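Note that the structure is predicted; figures quoted are calculated from it, not measured. Each residue takes its place number in the sequence, starting with 1. First listed ligand is number 1; within each ligand, the first listed atom is number 1.
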Amino acid sequence: MKTDTGVTQQRDPQGRLRHLLTLEGLSHEELTHLLDLAQFYVRTPGDLPARDGALLGRTVANLFFEPSTRTRVSFELAAKRLGADVVNLDLHSSSRVKGETVLDTIYTLQAMMVDVFVMRDSEPGLPAFVASHVQPHVSVLNAGEANVSHPTQGLLDVLTIRQRKGEVRDLCVAIVGDISHSRVARSTGTALQTLGVGELRFVSPAHLAPEPHEFPGAKRYAALAEGIRGADVIMALRIQKERMDASQVPDVDAFLKEWGITEKSIRDAKPDAIVLHPGPMNRGIEITSAIADGPHSAVQQQVRNGVAVRMAVLATIVRNVQMRNVEAGRRAG
Ligand code: NCD
């Protein structure tokens, strides 16, 4: 299967976003527009969730070849709150195993008038591959692709940072832990750099660092205390054992001591630093419960923002496809 990061492929001939495969190539203005629209959909706890009819009559299919709780449920709620019909297929154990190719599954659902495919897979390249085979009015949204990218997570992280800390250009953000296997670190890092983050740091043991060519301009640290010194935002990451050889899996107790975000280690960051984690959290490994549930934590706010961000992405993509249809109709007379 061809691996394509999707930078150009995700746009229609007029340059509008038709799919969301990666945050690479999105401009400052495009990111800001998506974040502003997401902010419009955010409600305070206790209020009714935002709803509108942007996807009325549309059908969204969630195709998850890898487990997911937060991302899958938030895409489902986002689509429903915009008025769409939603189907959920947890496919890791069914179609591929039965030998049905992914494209057969896509074509079957497309014949049932699915307009948007939301996809998660452990192999790189599937969202772009599917995007290159669907009909022109159909969109693909990447909900997590191997260790490559997770665009909506990147957006919700940046939205959370913006809400808690203001403009990212004034901030120092430290991403800590298993970065090499993290699609979240890549998408969040990309969004932060496009938005002109003050300082971006990657803080990890050498074997879990990003590739040397990734993120020019970011700083790398091989010790936690230095890496989070003076940071406004700390993002802890799960040790992603499912993407590691047995030899790479660190000793859990040693990891907490050296790399864990704890009440002790966080003293090196700014006193009002916030802590993000994309979930699922391994409490007692990369983060302690005292931090995850304490005053520094923005974890629940991230989850809440996840629905709003996915509403913004769905509404934007579907509107772009509609505009293209209108223009095509006008040309046809
Ligand atoms: C992340 C993912 O699946 O990439 N979780 C998520 O989407 N909220 C991070 C992880 O699995 O560690």
Listing, residues 289-296 side-chain donor-acceptor contacts under 3.5 Å, not counting sequence neighbours, or none:
| residue | atom | partner | partner atom | Å |
| --- | --- | --- | --- | --- |
| S289 | OG | R283 | NH1 | 2.9 |
| D293 | OD1 | R283 | NH1 | 3.3 |
| D293 | OD1 | R283 | NH2 | 3.1 |
| D293 | OD2 | R283 | NH1 | 2.8 |
| H296 | ND1 | A273 | O | 2.7 |

Any chance the side chains of D157 and T160 put a donor and an acceptor closer than 3.5 Å? no

Say whether, by atom type as modelled, one donor and one acceptor occur between the side chain of N147 and the main chain of S182 under 3.5 angstrom. no

Please list, chain by chain and in numerical order, all residues satisfying ring-ring contact (aromatic ring centres under 6.0 Å, His included) with F215, sequence neighbours excluded. F202

Please list every donor-acceptor pair under 3.5 Å in which a side-chain atom of residues 249-260 meets a protein atom from a residue at least two apart or in another chain.
| residue | atom | partner | partner atom | Å |
| --- | --- | --- | --- | --- |
| D251 | OD2 | D253 | N | 3.4 |
| D251 | OD2 | A254 | N | 2.9 |

Ligand 1: protein N/O within less than 3.5 Å of ligand N/O:
| residue | atom | partner | partner atom | Å |
| --- | --- | --- | --- | --- |
| ligand 1 | 3 (O) | R120 | NH1 | 3.2 |
| ligand 1 | 3 (O) | R120 | NH2 | 3.3 |
| ligand 1 | 3 (O) | R183 | NH2 | 2.9 |
| ligand 1 | 4 (O) | R183 | NE | 2.7 |
| ligand 1 | 4 (O) | R183 | NH2 | 3.3 |
| ligand 1 | 5 (N) | G279 | O | 2.8 |
| ligand 1 | 7 (O) | T71 | OG1 | 3.0 |
| ligand 1 | 7 (O) | R120 | NH2 | 3.0 |
| ligand 1 | 7 (O) | H150 | NE2 | 2.7 |
| ligand 1 | 8 (N) | Q153 | OE1 | 3.4 |
| ligand 1 | 8 (N) | P278 | O | 2.9 |
| ligand 1 | 8 (N) | G279 | O | 3.3 |
| ligand 1 | 11 (O) | R238 | NE | 3.3 |
| ligand 1 | 11 (O) | R238 | NH2 | 2.9 |
| ligand 1 | 12 (O) | R238 | NE | 2.7 |
| ligand 1 | 12 (O) | R238 | NH2 | 3.4 |

Over all heavy atoms of both residues, which pair between P210 and R186 is shortest? Give the atoms and the distance, please. CA-NH2, 4.3 Å

